[in-house]
Amino acid sequence: PLAQSLTRARLSPQPPSPALRERNKDCACSRMRVAFYAPLKPPDHPVPSGDRRVAHLFLEALRAAGHLPFVASRLRSYNGQGDPIRQARLAEIGGGVVRRLLQGWRRDPAAAPNLWFTYHLYYKAPDWLGPAISTALGIPYLVAEASSAPKRAGGKWDIGQRGVEQALCRADAVLGL
């Protein structure tokens with residue numbers, strides 16, 4: 001019980017301090033629209049997991065810091081079998097999602113993000129959206145908890161691994177926990 005209550009207290013979002021709110025009130029970048037994407041599992045996925053929990057915590061942290069995060073896509077790029085045909089199809093679907101999102105943001109520029117944030121990409125779940133959208137919109141691309149596995153290149157997850165490498169090359173920053 002004590003451990004559970006301590007864990008809950010640690011994981012509960014804290015509102016930004018008055019000093020932080022005061023410091024950021026005049027900053028033009030203090031309320032960024034942040035497009036959040038988790039290619040392995042979206043934060044509202046019906047199956048509970050640590051990945052889903054960490055995604056929630058990132059969203060809560062962004063809100064607590066005064067930003068406006070939103071889930072940009074629920075596309076799950078996960079391919080656990082290493083099927084190259086499926087990987088290529090997921091990359092193709094990702095391209096379609098990119099086109100649709102950009103089309104919407106071109107119609108309504110005020111809704112476009114100021115930053116793209118991708119959580120937990122790896123060779124089984126690469127980010128087919130963030131690099132292209134960030135480049136097209138000219139916004140920063142932030143990645144958290146990325147994993148690159150060069151030994152997967154040339155194997156059955158080659159397409160996914162190449163996607164991860166391209167994303168990491170495009171990233172403006174990579175966070176590790």
Original post:
Which atom pair, heavy atoms only, marks the closest approach of Pro126 to Ser77?
Top reply: O-OG, 2.6 Å

Please output the side-chain donor-acceptor pairs of residues 129-139 that fall under 3.5 Å, not counting sequence neighbours, one pair per line with the distance.
residue: Ser134; atom: OG; partner: Gly130; partner atom: O; Å: 2.8
residue: Thr135; atom: OG1; partner: Pro131; partner atom: O; Å: 2.9
residue: Thr135; atom: OG1; partner: Arg170; partner atom: NE; Å: 2.8

Subject >> Qualifying residues under salt bridge (charged side-chain N to carboxylate O under 4.0 Å, His left out), relative to Arg106, sequence neighbours excluded >> reply: none

**OP:** Go through the structure and list residues passing side chain to side chain donor-acceptor pair (under 3.5 Å) with Tyr119, not counting sequence neighbours.
**Re:** Asp51

Subject >> side-chain contact (heavy atoms from CB on, under 4.5 Å) partners of Lys41, counting only residues at least two apart >> reply: His45, Val47, Ser49, Arg52, Arg76

Original post:
With Arg74, which residues qualify under side-chain contact (heavy atoms from CB on, under 4.5 Å), at least two apart?
Top reply: Pro42, Asp44, Val71

**OP:** Quick one: list whatever passes side-chain contact (heavy atoms from CB on, under 4.5 Å) with Ile85, sequence neighbours left out.
**Re:** Asp83

**OP:** Could I get the full list of side chain to side chain donor-acceptor pair (under 3.5 Å) partners for Thr118, not counting sequence neighbours?
**Re:** Trp116, Asp127

Original post:
Any side-chain heavy-atom pair from Phe58 and Val34 closer than 4.5 angstrom?
Top reply: no

Original post:
Is there a donor-acceptor contact under 3.5 Å from the side chain of His120 to the main chain of Ala38?
Top reply: no

Original post:
Are any side-chain N or O atoms of Asp172 and backbone N or O atoms of Leu142, one a donor and one an acceptor, separated by less than 3.5 Å?
Top reply: no

Original post:
At what distance, to the nearest 0.5 angstrom, does CG of Leu121 lie from CG of Leu168?
Top reply: 5.5 Å

Original post:
Parallel under 30°, tilted from 30 to 60°, perpendicular over 60°: which one fits the rings of Phe70 and Trp105?
Top reply: perpendicular

**OP:** Compare every heavy atom of Leu101 with every heavy atom of Ala72, then report the nearest pair and how far apart it is.
**Re:** O-CD2, 3.7 Å

**OP:** Give the cluster check for Leu175 versus Met32: same hydrophobic cluster or not, with ILVMFWY residues linked at side-chain heavy-atom distances below 4.5 Å.
**Re:** yes

**OP:** Calculate, to the nearest 0.5 Å, the distance between atoms CH2 and CD belonging to Trp157 and Gln87 respectively.
**Re:** 8.0 Å

**OP:** With sequence neighbours excluded, tell me which residues meet salt bridge (charged side-chain N to carboxylate O under 4.0 Å, His left out) with Asp158.
**Re:** Arg162

Original post:
At what distance, to the nearest 0.5 angstrom, does CG of Leu59 lie from CZ of Phe36?
Top reply: 4.5 Å

Original post:
So how far is it from Gln161 CD to Lys156 NZ, rounded to the nearest 0.5 Å?
Top reply: 15.0 Å

**OP:** Using the test ring-ring contact (aromatic ring centres under 6.0 Å, His included), find all partners of Tyr37 that sit at least two apart in sequence or belong to another chain.
**Re:** none

Original post:
Rounded to the nearest 0.5 Å, what separation is found between the CG atom of Leu115 and the CZ atom of Arg33?
Top reply: 12.0 Å

Subject >> Spacing of Glu60 atom CD and Arg53 atom CZ [to the nearest 0.5 Å] >> reply: 5.5 Å

Subject >> salt bridge (charged side-chain N to carboxylate O under 4.0 Å, His left out) against Arg89, all qualifying residues, sequence neighbours excluded >> reply: Glu92

Original post:
Hydrophobic clusters join Ile, Leu, Val, Met, Phe, Trp and Tyr when side-chain heavy atoms are under 4.5 Å apart, directly or via other members; which others share one with Ile159?
Top reply: Leu90, Trp128

**OP:** Please report the shortest heavy-atom distance between Gly82 and Asn79, naming the atom on each side.
**Re:** N-OD1, 2.9 Å

**OP:** Could you pull out all residues at least two apart from Ala110 that satisfy side-chain contact (heavy atoms from CB on, under 4.5 Å)?
**Re:** Asp108

Subject >> Cluster overlap Ile93 with Val98, hydrophobic side-chain contacts below 4.5 Å >> reply: yes

